[in-house]
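Worksheet: the structure to be examined is printed underneath.
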Amino acid sequence: MNRAAEPAVLARGDVRREAMRIGGERVDGARTLDVRNPYTGAVVGTVPRGTVDDVRRAFAVARSYRATLTRHERYAVCHRAAGIIRARAAAISDLITA
C-alpha cells in the first residue's frame with residue numbers, strides 16, 4: 001500500500017510537507033503556503049504554491065485524459081477505498097483534527 005493511503009498521526013509540533021500532484025506526478029514548488037490549525041494557529045504543514053504554468057499543465061493533462069477503467073471497475077475502487085477509510089477512521093480523524 002502506498003504512503004498516501006496510510007495516514008500518519010502527527011506528533012505535537014511536527015510539520016507535514018506535501019507536494020502537489022499533476023497527472024499523478026509529485027510536483028514541488030520553490031514557494032510554499034503554510035497550513036495552519038484553525039483553532040491554535042500553529043503551522044501543521046506546508047504545500048507548494050502553484051504557478052500559472054502548473055495550472056496550465058494540470059488543465060492540459062485533464063483535457064487529454066481518457067478513462068481506462070469501466071464503471072464497474074471505478075465502483076470497485078471506490079468501494080475498496082470506503083472500506084479502508086472506515087477501517088482507519090480513528091487515525092484519519094486525528095490527522096484531520098491536527
Side-chain angles (χ1 to χ4, degrees):
M1 187 156 300
N2 67 26
R3 189 184 85 136
E6 297 181 15
V9 176
L10 296 176
R12 201 171 286 264
D14 283 352
V15 175
R16 188 174 182 134
R17 288 168 174 67
E18 287 294 331
M20 64 183 142
R21 286 165 178 77
I22 299 175
E25 178 186 329
R26 290 176 60 93
V27 178
D28 284 314
R31 297 174 54 202
T32 60
L33 291 170
D34 290 340
V35 179
R36 295 184 177 275
N37 178 316
Y39 301 104
T40 66
V43 175
V44 295
T46 64
V47 294
R49 282 183 189 241
T51 65
V52 171
D53 288 337
D54 292 329
V55 174
R56 287 184 179 132
R57 182 171 164 222
F59 274 109
V61 168
R63 191 174 22 258
S64 66
Y65 177 77
R66 299 293 173 257
T68 57
L69 298 177
T70 66
R71 284 183 225 169
H72 178 71
E73 290 167 329
R74 287 193 303 271
Y75 160 80
V77 168
C78 289
H79 187 71
R80 182 166 179 262
I84 291 169
I85 290 169
R86 273 192 297 277
R88 298 179 181 171
I92 292 170
S93 68
D94 289 346
L95 183 60
I96 291 169
T97 302

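With contacts defined as side-chain heavy-atom distances shorter than 4.5 Å, the pair R16/D14 does not qualify.
Summarising the geometry, atom CZ belonging to R80 is positioned 11.5 Å from atom CD1 belonging to I85; distances are rounded to the nearest 0.5 Å.
The two residues D28 and P48 have their closest heavy-atom pair at C-CB, 4.2 Å.
Hydrophobic cluster membership of V61, counting Ile, Leu, Val, Met, Phe, Trp and Tyr whose side-chain heavy atoms lie under 4.5 Å apart directly or via other members: M20, I22, V27. Residues near V52 contribute nothing to a hydrophobic cluster around it, because no ILVMFWY side-chain heavy atom sits closer than 4.5 Å to its side chain. Taking a 4.5 Å side-chain heavy-atom cut-off between Ile, Leu, Val, Met, Phe, Trp and Tyr, the cluster of F59 extends to V55.
Contacts classified as side chain to side chain donor-acceptor pair (under 3.5 Å) and involving residues 62-77 (residues at least two apart or in different chains) are given here: T70-E73. Each salt bridge (charged side-chain N to carboxylate O under 4.0 Å, His left out) pair with one or both residues in residues 44-55, not counting sequence neighbours, appears once here: D53-R56.
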Which atom pairs, donor and acceptor, lie under 3.5 Å between side-chain atoms of residues 30-38 and protein residues at least two apart or in another chain?
{"unit_1": "R36", "atom_1": "NH1", "unit_2": "G41", "atom_2": "O", "d": "2.7"}
{"unit_1": "N37", "atom_1": "OD1", "unit_2": "Y39", "atom_2": "N", "d": "2.7"}
{"unit_1": "N37", "atom_1": "OD1", "unit_2": "T40", "atom_2": "N", "d": "3.2"}

